[in-house]
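Just below is one structure, and these are the notes that go with it.
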Amino acid sequence: MATSEITDDLPPEFAGRVSAATLKDGRALIVFDAAGLGEAERAAIERDITARLSARSDVNDVRVVMTAERKAPTLIAIGSGKGGVGKSTLTANLAIALARQGIRTGLVDADVYGPSQQVIFDAEDAKPDARDNRMIPVETKFGVRMLSMGQLVAPGRAIAWRGPMVGNALAQMIDAHWDAEDVILIDLPPGTGDVQLTMVQKYKPAGAILVSTPQDLALIDAARAGQFFDAAAVPVIGLVENMAGYACPHCGEVSDPFGKGGVEAAAQRLELPFLGRIPLDLAIRQGSDAGEPPAAGDSAQAEPFLSIAGKLAAWISARS
Ligand SMILES: Nc1ncnc2c1ncn2[C@@H]1O[C@H](COP(=O)(O)OP(=O)(O)O)[C@@H](O)[C@H]1O
Ligand SMILES: [Mg+2]
């Protein structure tokens, strides 16, 4: 008996939520994704399905499995002390690299002051739909669904929002229909402002990754961001050094415009894991600007992101 035949007896609005439907020896089994539905609604749906299928002459037993008890996705925050250090670049490429490793990954661009993920993901025109008053993350061509502040407001408009509005926007993006994701990476604004506060108070991440360039000033700010997460009891998964070692595209000579190894030394001092180093590489910037993040390809530029994603995946699986 083809499963499509028993789903024909269910209301069409259930279609997106029925993840399995089988009929064997008169026994019907329906697996229903009830994520986000209330107790009463769930019970009503279960009764409805049971009644409809029991009415069939070839069915004498109906079992409905509700999978609302799905584990909530693991939230991982990506932070930095200051802007322009490559936080968004790292977040996008880590999300893509995790997805390539088979981890269902979503991304929230919570940088209210300078959202950029819709550019990196080549999803500038994508506007999220809503269902039951909750946003549905937009699909991207990289196997990562996402929501960005940049999709919620007119492009180019400076967002000078105050605390409650910022918290509200963050809530909309995190309470969205993340029903298919295991992990959500959150691209935070720089520093330790309203978004970070709302985050740790209402949507406490499982862990945070801090990005810094090797300059002393960036490092001091990164250490401060680390203290913030520490105080909020959010474990710092580790530090990433970005824009280290510039390989000249003409002669190949490697120089260190912002110094080198500073982040690794700082991680040691702060007794935090060092997750890896991403070189300053023109191809990384060009790829990001063009909506072709390097982690999606097989160039040398993908390698550090894949390596850091592997460490993040190990951290996540060790805690669950
Ligand atoms: N490793 C890198 N090599 C070259 N350019 C980079 C690198 N990391 C980031 N960039 C570029 O630097 C700029 C700032 O990076 P971004 O990720 O937007 O920083 P943040 O989110 O911390 O403000 C962007 O133009 C980005 O493409
Ligand atoms: Mg950014």
Side-chain angles (χ1 to χ4, degrees), residues 76-97 107-124 146-151 153 155-156 158-159 166 169-170 173 185-193 195-196 199 208-215 217-222 224-226 239-249 254-264 275-297 299-309:
I76 304 288
I78 317 292
S80 70
K82 60 193 222 82
V85 299
K87 182 168 29 60
S88 299
T89 305
L90 177 71
T91 308
N93 284 284
L94 271 188
I96 292 166
L107 187 148
V108 165
D109 183 353
D111 190 343
V112 279
Y113 308 108
S116 55
Q117 295 296 353
Q118 71 283 2
V119 173
I120 302 178
F121 277 90
D122 191 15
E124 274 174 283
M146 65 164 296
L147 285 172
S148 168
M149 286 305 315
Q151 292 163 332
V153 294
I159 315 172
V166 163
L170 181 70
M173 292 193 289
L185 302 189
I186 300 160
D187 183 4
L188 292 174
T192 55
V195 171
Q196 283 82 348
M199 205 60 248
I209 290 179
L210 295 173
V211 199
S212 182
T213 55
Q215 294 134 298
L217 279 178
L219 275 167
I220 291 168
D221 290 338
R224 201 168 290 143
L239 266 60
V240 170
E241 179 169 278
N242 188 30
M243 307 195 194
Y246 177 69
C248 171
V254 177
S255 53
D256 299 301
F258 300 135
K260 189 187 174 193
V263 179
E264 187 166 11
L275 300 179
R277 179 174 288 129
I278 301 157
L280 180 65
D281 188 324
L282 189 60
I284 294 180
R285 186 185 67 69
Q286 284 170 336
S288 296
D289 288 351
E292 291 164 6
S299 64
Q301 285 82 15
E303 204 284 322
F305 298 111
L306 293 168
S307 156
I308 296 167

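Both counts, for ligands and for their atoms, begin at 1 and track the order of listing. Computed from a prediction, not measured in an experiment: that's the story for all the values here.
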Contact check, Ser80 vs ligand 1, heavy-atom distance below 4.0 Å
no
Residue pair Ser148 / Gln118, side-chain donor-acceptor N/O under 3.5 Å
yes
What atoms of ligand 1 come within less than 4.0 Å of a heavy atom belonging to Pro279?
1 (N), 2 (C), 3 (N)
For Gln196 and Leu188: C-alpha separation, side-chain torsions, deciding distance, then whether side chain to side chain contact (heavy atoms under 4.5 Å, CB included) applies.
CA-CA 7 Å; Gln196 283 82 348; Leu188 292 174; 4.0 Å; yes
Leu282, portion touching ligand 1 at heavy-atom distance under 4.0 Å
neither
Can a protein heavy atom be found under 4.0 Å away from atom 9 (C) of ligand 1?
yes
Of the backbone atoms (N, CA, C, O) and the side-chain heavy atoms from C-beta on, which set of Leu280 has a member under 4.0 Å from an atom of ligand 1: side chain, backbone, both, or neither?
both
Identify, by atom number and element, the atoms of ligand 1 in contact range of Met243, meaning under 4.0 Å from any of its heavy atoms.
8 (N), 9 (C), 10 (N), 12 (O)
List every atom of ligand 1 that sits less than 4.0 Å from any heavy atom of Gly86, numbering the atoms from 1 in the order shown and giving each element.
9 (C), 15 (O), 16 (P), 17 (O), 19 (O), 20 (P), 22 (O)
Closer than 4.0 Å to some heavy atom of Lys87 - which atoms of ligand 1 meet that?
17 (O), 19 (O), 20 (P), 21 (O), 22 (O)
Could you tell me which atoms of ligand 1, counted from 1 in the order shown, lie closer than 4.0 angstrom to a heavy atom of Ile278?
1 (N)
Just distances here: any N/O of Gly83 and N/O of ligand 1 closer than 3.5 Å?
no
Can you find a non-hydrogen atom of Ala92 under 4.0 Å from ligand 1?
no
Which of the numbered atoms in ligand 1 are below 4.0 angstrom from a heavy atom of Ser88?
17 (O), 20 (P), 21 (O)
Of Asp111, Asp281, Leu90, the residue with the heavy atom nearest atom 4 (C) of ligand 1 is Asp281
So, 2.8 Å as the limit: is an N/O/S atom of Ser88 located closer than that to the Mg ion (ligand 2)?
yes
Within this structure, what is the CD1-CG distance for the pair Ile278 and Leu90, rounded to the nearest 0.5 Å?
5.0 Å
